[in-house]
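Each chain gets a letter, A, B and so on, in the order the sequences are listed, and its residues count up from 1. Since the structure is predicted, the reported quantities are computational estimates derived from the model, not experimental observations.
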Amino acid sequence: MADFPVIYERSRPGRRGAQPPRPREFDIEAAVGSENLREEAPRLPEVSELDLVRHYTQLAHRQFSIDANFYPLGSCTMKYNPKVNEEAARLFQDLHPYQAPETAQGALQLMYELQNDLAAITGMDAFSLQPAAGAHGELAGVLMIRAYHESRGEGDQRRVVIVPDSAHGTNPATAAMAGYEVREVPTDPSGEVDLAAFQAAMGPDVAAVMLTNPNTLGLFERKIRKLADTAHAAGALLYYDGANLNAILGRVRPGDMGFDVVHLNLHKTFTTPHGGGGPGTGRVGVKAKLRDFLPVPVIEKRGDEYVIDEDRPRSIGRMRSHFGNFGNLVRAYTYIRALGREGLREVSGHAVLNANYLRVKLKEIGFRVPFDRVNMHEFVAQPPEGMRTLDIAKALLDFGMHPMTVYFPLTVKEAMMIEPTETESLETLDAYVDALRQVLERAAEDPDYLANAPYETPVRRLDEVKAARQPVLRHRFGEQGAPGS
Amino acid sequence: MADFPVIYERSRPGRRGAQPPRPREFDIEAAVGSENLREEAPRLPEVSELDLVRHYTQLAHRQFSIDANFYPLGSCTMKYNPKVNEEAARLFQDLHPYQAPETAQGALQLMYELQNDLAAITGMDAFSLQPAAGAHGELAGVLMIRAYHESRGEGDQRRVVIVPDSAHGTNPATAAMAGYEVREVPTDPSGEVDLAAFQAAMGPDVAAVMLTNPNTLGLFERKIRKLADTAHAAGALLYYDGANLNAILGRVRPGDMGFDVVHLNLHKTFTTPHGGGGPGTGRVGVKAKLRDFLPVPVIEKRGDEYVIDEDRPRSIGRMRSHFGNFGNLVRAYTYIRALGREGLREVSGHAVLNANYLRVKLKEIGFRVPFDRVNMHEFVAQPPEGMRTLDIAKALLDFGMHPMTVYFPLTVKEAMMIEPTETESLETLDAYVDALRQVLERAAEDPDYLANAPYETPVRRLDEVKAARQPVLRHRFGEQGAPGS
Amino acid sequence: MRYHPHTPEDVARALEAIGVASIEELFDDLPHDLRDPEVDLPPGMDEAALLDHMRALAAKNSVGGPDFLGGGVRRHFIPSVTPHLALQSEFVTAYTPYQPEVSQGILQATFEYQSMMCELTGLDVSNASMYDGATATAEAALLAVRQTRRDRVMVSRGVHPETRAVLATYLHPLGVTLDVIDLDPLTTQRLEVPGDVAGVVVQQPNFLGYLEEMAAHTAAAHAAGALMIAVVDPLSLALLAPPGAYGADVAVGDGQTLGNPASYGGPSFGFMVVKEELLRQFPGRIVGQTTDVDGKRAFVLTLQAREQHIRRSRAKSNICTNHQLAALMATVNVGALGPQGLRDVAVGTAERSHALAARLQAGGMAPRTEARYFSEFVLPVSMEAAGVRSELARRGIHAGVPVPAEYGLGEAVLLSATERVRDEDMAALVGALSDMGVAQAREVAHG
Amino acid sequence: MRYHPHTPEDVARALEAIGVASIEELFDDLPHDLRDPEVDLPPGMDEAALLDHMRALAAKNSVGGPDFLGGGVRRHFIPSVTPHLALQSEFVTAYTPYQPEVSQGILQATFEYQSMMCELTGLDVSNASMYDGATATAEAALLAVRQTRRDRVMVSRGVHPETRAVLATYLHPLGVTLDVIDLDPLTTQRLEVPGDVAGVVVQQPNFLGYLEEMAAHTAAAHAAGALMIAVVDPLSLALLAPPGAYGADVAVGDGQTLGNPASYGGPSFGFMVVKEELLRQFPGRIVGQTTDVDGKRAFVLTLQAREQHIRRSRAKSNICTNHQLAALMATVNVGALGPQGLRDVAVGTAERSHALAARLQAGGMAPRTEARYFSEFVLPVSMEAAGVRSELARRGIHAGVPVPAEYGLGEAVLLSATERVRDEDMAALVGALSDMGVAQAREVAHG
Ligand SMILES: Cc1ncc(COP(=O)(O)O)c(C=O)c1O
Ligand SMILES: Cc1ncc(COP(=O)(O)O)c(C=O)c1O
């Protein structure tokens with residue numbers, strides 16, 4: 001079979017697709033100045049509307065997704081994204097961020113209510129809807145912590161952020177972007193933060209502790225209050241990475257556990273779609289003592305009117321333009337209001353149920369579970385001795401199932417991090433277990449089976465070394481003999 | 001691989017998907033009477049919303065379509081269905097057919113304008129938008145012809161409808177439904193209606209002649225005026241099957257050629273989607289002398305107001321409920337207004353260009369063309385001697401291309417009826433030719449290749465005899481050991 | 001706009017391959033003096049202008065607000081997931097699944113549709129869809145004529161007037177007599193079925209909304225050797241006795257209420273489900289289950305020898321293109337709601353309709369509730385019925401399908417409620433009707 | 001509503017397999033005294049009620065009507081085909097393409113996106129997207145700091161105020177100084193760039209809409225060894241000189257104008273395209289072309305050693321989830337329009353904006369046209385600028401982004417026009433402004 005063409009290879013000079021209004025007669029050179037005009041037209045694809053449709057429809061068929069495939073990517077909460085969210089989002093999509101606020105009261109009300117809903121859900125006092133993703137929320141949060149310490153004259157003294165060794169990469173990366181050094185603390189044999197090491201790491205130079213709870217091993221940090229007290233006693237603040245909030249929705253709140261700042265990934269817990277890599281949303285909430293530092297703008301209610309408050313002198317400033325990923329705020333709000341208090345609580349119950357079921361079933365067929373206790377919404381397994389997680393992942397593709405997260409957390413060898421979410425049926429989980437069982441069986445029968453998997457995918461194992469050593473990062477016009485080049 | 005499950009096999013008792021408003025307390029037995037209630041609940045699938053999404057998303061992936069595949073099904077005009085049509089249709093989808101006409105003036109205006117647009121395009125005097133498909137339009141048309149003859153006291157005398165032997169099956173079937181006998185006339189060596197036979201078949205017992213022009217061989221009936229004059233001289237009316245209008249849009253009009261009645265398949269020429277088998281739309285237009293017989297309702301303009309005219313005493317009556325497939329009328333209107341007069345004329349030009357290009361190219365690689373002359377929007381070919389059209393069709397599937405129409409018209413052995421339409425690029429046509437060339441090559445190399453094709457489709461050759469001999473026409477609960485049964 | 005992809009170079013290349021000098025030359029077979037007529041159409045538009053134009057047209061319609069319109073078309077709750085799935089472009093832009101290897105999507109969905117329709121109606125075999133309820137009813141009458149070789153059909157006036165009109169259109173050319181049986185006053189009374197009747201057509205609930213004694217009518221039809229054709233609202237079958245339960249031979253109807261938007265009356269789809277013994281006379285496409293060469297289960301169009309492309313003038317119907325996509329909407333919608341959801345919609349509809357009648361009564365009006373009804377009933381009014389509908393529309397309420405004079409009920413409108421109707425919508429309707437003075441209807445109608 | 005599928009039997013089966021007695025028991029690790037807090041949320045809603053609620057909220061916003069809002073976000077024509085294709089659920093509900101074998105859809109589309117962005121900007125390497133234009137600009141400044149190991153950044157006041165605010169937020173914790181260069185009065189004057197400057201950030205067209213002398217600014221930056229960071233409107237690049245042509249090292253900006261709806265300001269996407277030599281310091285995901293074991297061309301995430309999941313605290317940025325779907329919208333949209341269509345939109349935008357300025361002048365107003373502009377310009381007004389916007393909104397016209405006081409232009413608004421603006425829209429705006437007495441602005445502003 002021939003290579004699947006890139007859109008440029010379907011291009012023919014002069015061919016037109018969708019046609020915008022034809023511009024009226026106009027001397028563009030005179031208007032903007034010939035020195036400001038580009039000399040050569042950009043080489044962009046020239047395709048008919050039908051060829052465009054074929055191209056992107058066929059590309060869609062070359063893509064796994066929640067809607068077509070089980071997708072238990074650990075730490076990512078790949079749950080069902082309700083279609084009603086999309087319907088609701090369409091109702092708001094034509095609003096302009098600079099239209100007079102009187103003409104956007106519905107949008108502002110929605111954001112105001114969402115700020116309050118998220119505060120209620122997390123037990124925090126105030127929320128900002130600005131950040132564009134989890135990592136961006138982390139940055140906002142750590143910058144607020146920084147502003148807090150600066151406001152108390154401890155800005156120079158507190159140079160360090162503590163993160164567990166199992167933390168997601170964005171945590172240390174964020175701390176660095178916020179100008180902090182990172183101090184790692186190890187995991188103890190139960191899979192939780194090593195308390196002694198933590199206490200030893202703590203000191204007057206520590207600005208913050210970033211924790212995920214349940215942590216990235218899917219385990220609840222049972223000593224959380226001890227950790228919080230230790231941090232607070234040393235004057236450090238506690239940051240909650242909300243990527244795993246799905247596990248504890250309605251069961252226990254970060255604010256009640258002692259966290260001072262929390263970010264939420266609306267694209268995980270609150271069902272805004274992942275979009276093949278984004279846009280996400282990373283709302284950030286704080287305790288009252290940090291309220292003044294929230295990024296601008298914050299939506300306030302004054303009398304009956306919803307207003308955009310940008311005049312917050314102690315704010316850390318803006319994290320991005322406008323109000324945040326408003327379209328996703330609509331989706332998350334729709335989801336929260338659909339489920340309501342009880343519905344959200346059922347989410348965590350069934351997410352944890354599904355994850356534990358899968359853990360038990362995987363053990364039965366020979367996978368290893370390094371921290372074998374009741375887990376929360378996800379768990380980390382390992383393949384049977386001698387097998388590679390990567391191979392297992394590739395073999396699963398032939399079953400039409402997306403693999404788990406692989407090789408994370410870094411602290412577990414050959415880690416397979418599995419998060420089924422609450423929206424999957426037991427039958428789907430059983431099918432996954434059955435697929436993994438078949439993989440082990442075939443591997444036992446045929447020593448080459450795993451190394452050559454997958455067999456049925458549109459392309460098979462890729463040469464990633466070549467991709468990195470001889471990077472080709474854009475279409476090479478005319479270099480591939482392609483007709484469109 | 002296991003069978004792909006039917007939705008019932010994904011079902012579990014008590015599982016819920018989308019949830020409508022919960023009914024209030026209500027004594028349903030008292031209200032409607034227990035004797036009117038059903039005793040057992042219907043066995044309908046019980047699936048979660050996500051399982052439903054997976055099921056129908058995966059089914060969509062098991063389906064060829066214009067949007068993903070070249071689809072040159074002859075006689076069906078599988079051209080690009082513009083997305084803007086869908087956008088426009090959504091604007092009108094919530095209208096209720098019985099809302100006060102004052103509150104639906106936009107819809108009525110659209111229908112009124114469309115009646116006029118279609119009349120202008122076809123050279124007819126009046127149009128009805130009622131019929132639901134081509135065959136339904138045929139029935140409306142032939143019933144009007146019947147009413148016309150009855151109104152002239154010739155109802156009993158005229159018992160026959162003439163159709164060419166190459167006619168689409170709906171033509172004779174329609175004539176029979178309208179209470180007529182069918183008299184077939186043969187095709188002459190040039191691929192057109194045999195004039196002598198036609199003249200011989202004509203007589204005072206003939207009510208109508210049903211013609212497709214260009215005919216189902218893709219050839220223009222050059223003697224059309226002679227045929228028309230002959231029919232009219234005998235007091236018969238001329239019916240135009242508009243399935244092939246795409247060939248002559250803006251070039252010549254059925255009304256000008258002498259046709260008295262015409263139906264149009266909006267799902268062919270006017271880009272309303274085929275929907276996997278429908279809904280279509282079969283507008284029917286007439287010359288002034290038949291205007292009174294149009295089915296009700298007709299949309300009229302009175303002053304500034306658009307009104308629904310049902311009070312037409314000589315009408316053949318209703319063909320269906322309401323106004324027709326209104327949603328598709330919106331799409332067709334959108335298409336006509338997008339292209340305008342010049343645009344429509346370019347449609348036929350490029351449709352005919354593409355079809356002739358393909359004819360020439362297929363001949364080059366060894367296919368036979370029984371009527372080898374300039375064709376219109378489609379042409380009929382035959383495989384090289386000794387090969388079966390069915391096998392060629394099946395082999396094409398592996399190339400991701402939909403086959404042509406096969407074994408129609410019935411008058412050509414091993415007919416391959418190919419209609420590329422104007423929206424395909426030459427590159428796509430070249431790829432089709434190349435695929436056919438490869439099929440011939442492989443067939444020459446491997447005697448079993450054709451008989452076993454296709455190889456890559458989700459299912460392969462089906463046992464159609466078994467399907468008909470032991471019909472299984474609904475899900476068999478509990479008979480397949482399926483978990484959902 | 002233009003949707004063809006040809007550049008001037010493409011045209012030149014194609015012309016050269018064909019061996020002609022111009023596109024015009026390809027049309028040489030056309031009568032020269034008729035060529036290139038003046039076509040009275042406006043020039044084309046770009047997409048932005050086109051959408052502006054369509055939005056301006058749409059703005060001349062009014063939608064939304066309290067809704068009590070029925071008459072066979074109701075705006076029930078359709079979950080967002082339904083159109084999302086049914087309108088995937090793979091389904092929308094495919095055609096009849098003649099190549100089953102690459103059409104399992106539509107074929108299997110149609111098999112699922114057939115299975116659901118059998119369950120809802122309690123009958124044996126469903127086809128893949130017809131155009132609408134009215135044409136399905138007409139085709140059912142033709143089936144009865146073929147099956148019994150008789151040429152008289154009886155139809156209750158309770159069958160939707162538009163359906164009866166279509167019946168008349170279809171039966172007339174074949175010389176079949178159509179007898180209409182009156183209501184008395186709201187439902188069909190005991191039928192006397194003569195021995196030359198091919199089929200008896202009764203609608204449940206009838207056009208006015210009231211429930212017919214289907215078992216009795218079926219018995220009467222069968223006693224005369226006629227087929228019983230039940231015209232049913234498929235949504236009601238989540239709750240009401242299915243045609244199979246009272247012995248009907250054929251169930252037909254319009255599928256709009258199962259999950260298609262109102263769309264000003266079309267497209268929706270017609271359905272037809274019959275007893276197994278009628279299969280040979282059955283019109284329309286049917287999907288069957290079989291296996292492929294590898295033994296895998298697969299679906300295919302089957303029993304095609306009944307159809308026009310094989311049987312031509314002796315086909316069971318001329319139907320070719322049907323209403324597959326609308327049937328798919330219903331299939332997905334039934335899958336989305338499930339039996340409980342569908343029942344909830346039906347019960348909610350009944351509850352709201354009965355609540356509405358009670359409110360009207362409380363407001364001094366006299367809805368006709370002496371017969372049982374499901375989702376719709378008659379309200380006599382003291383002014384011209386169409387005027388009531390118009391006046392309500394001016395007040396932002398969509399309600400009041402006029403009851404035709406043939407029913408002998410005086411000026412009256414149909415009122416219907418779905419599960420979506422809120423208490424405040426009812427209050428608005430009752431308030432408006434009172435305000436308009438329609439409350440005097442009690443005297444007028446019964447006086 | 002509930003989206004989990006579990007029946008009571010499912011729960012029982014799972015609990016039994018796990019070996020616990022209840023779901024509650026699974027949460028035993030949680031601090032007992034903190035469990036099951038009172039969460040102040042309303043009860044859930046069914047889908048119909050939910051959509052009613054959302055529609056009621058949406059009805060409190062006003063959209064539609066003549067539109068002259070800009071400030072970096074414009075409502076250009078987006079053909080229907082764009083959202084149809086980009087929002088296919090396979091793209092919408094996938095995540096980061098970590099498994100390339102089953103993610104060629106997103107990977108290849110991203111490769112196409114990168115190629116298009118390179119073409120539009122005239123630079124060498126594009127990443128797969130950033131959050132928005134503001135954060136992309138901030139990341140570009142950080143890149144300059146890393147690359148040059150200097151700790152001062154210069155930014156023109158012509159850069160969007162919100163972008164500058166984000167720059168400040170990002171640079172402050174790292175101790176990088178941010179110098180703001182004034183406009184004089186509408187554009188950035190010749191720059192003096194000291195030798196300790198890492199990067200110079202200039203926006204083209206600037207926030208007020210006027211065209212900067214990018215070549216001169218680039219030369220000044222380069223003379224001081226600083227990187228030139230051009231903040232550009234990608235749509236304008238169909239027409240205007242690309243950053244690569246005037247020697248900029250980095251092009252950043254917001255992609256909204258390339259085919260994303262305004263969506264109250266988000267999500268759109270940020271883009272970042274750099275010269276090849278900056279690749280090692282480049283933040284964000286990148287897709288590269290390679291081959292698979294069968295020799296087929298295939299696409300994969302590459303050069304990941306720059307990213308947080310590998311490099312952790314030494315990553316080039318903390319970015320993980322980016323704005324892929326919005327970038328896909330742009331990719332499809334550029335494919336739909338092609339170079340000619342994109343140019344038509346850009347030319348139409350320029351023509352309409354200039355026509356608007358001329359009409360305002362003819363109406364006695366004094367738009368600031370002494371500098372060249374593309375799609376937007378300043379109109380001084382005789383009343384409070386935000387009040388002008390509100391009064392116009394009351395008249396059904398969306399126009400008049402207030403010009404911040406920092407520009408020293410007095411009370412003034414930005415006016416912008418796209419190719420979609422019709423003559424009658426302009427007449428409505430000019431009429432409304434005249435009616436409001438804003439015409440006196442000429443004297444006020446220049447007096
Ligand atoms: C534990 C954890 N923290 C942080 C993040 C970063 O969130 P985002 O990708 O939205 O920036 C992730 C996302 O994968 C995560 O799993
Ligand atoms: C020549 C011809 N006539 C009539 C028809 C029937 O039209 P429809 O399928 O819309 O009923 C067709 C459809 O395939 C056709 O090709």
Salt-bridge contact [X]-[Y] (side-chain N to carboxylate O under 4.0 Å):
X	Y	answer
B/R38	C/E119	no
C/E101	B/R461	no
C/K296	B/D3	no
B/R16	C/D344	yes

Counting only heavy atoms closer than 4.5 Å, note whether [X] contacts chain C via side chain, backbone, both or neither.
X	result
B/N354	side chain
B/V182	side chain
B/R345	side chain
B/Y98	both
B/Y80	side chain

Chain B contact via [X] - side chain, backbone, both or neither, heavy atoms under 4.5 Å:
X	answer
C/Y95	both
C/A17	both
C/V125	side chain
C/T135	side chain
C/H53	side chain
C/L30	both
C/A386	neither
C/L392	neither

**OP:** Without swapping roles, check the side chain of C/R372 against the backbone of B/A31 for a donor-acceptor pair under 3.5 Å.
**Re:** yes

Original post:
Nearest heavy-atom pair of B/T334 and C/L50: which atoms, and what distance?
Top reply: CG2-CD2, 3.6 Å

Original post:
Can you name the nearest heavy-atom pair linking B/T174 to C/N318, along with the distance?
Top reply: OG1-ND2, 2.8 Å

For chain B, which of [options] has the most heavy-atom pairs under 4.5 Å?
options	answer
C/G338, C/S62, C/G288	C/S62
C/L34, C/T302, C/L279	C/L34
C/V345, C/I319, C/D294, C/T163	C/D294
C/Q324, C/R312, C/E47, C/M54	C/R312

Are [X] and [Y] packed together at the side-chain level, in the sense that at least one heavy-atom pair is separated by less than 4.5 angstrom?
X	Y	result
B/P279	C/Y131	no
B/E87	C/L51	yes
B/R43	C/P339	no

Original post:
Just checking, B/R251 and C/F27: is the charged tip under 6.0 Å from the six-membered ring centre and within 45° of the axis?
Top reply: yes

**OP:** Describe, in one word, how the ring planes of B/H136 and C/Y170 are oriented to each other, choosing from parallel (under 30°), tilted (30 to 60°) and perpendicular (over 60°).
**Re:** tilted

**OP:** Can you measure from OH (C/Y264) to CG (B/N325) and round to the nearest 0.5 angstrom?
**Re:** 14.5 Å

Original post:
When the aromatic ring centroids of B/F26 and C/H354 are compared, is their separation below 6.0 Å?
Top reply: yes

Original post:
Between B/F408 and C/H309, does the ring centre distance come in under 6.0 Å?
Top reply: no

Original post:
Do B/H55 and C/E112 have side-chain N/O donor and acceptor atoms under 3.5 Å apart?
Top reply: yes

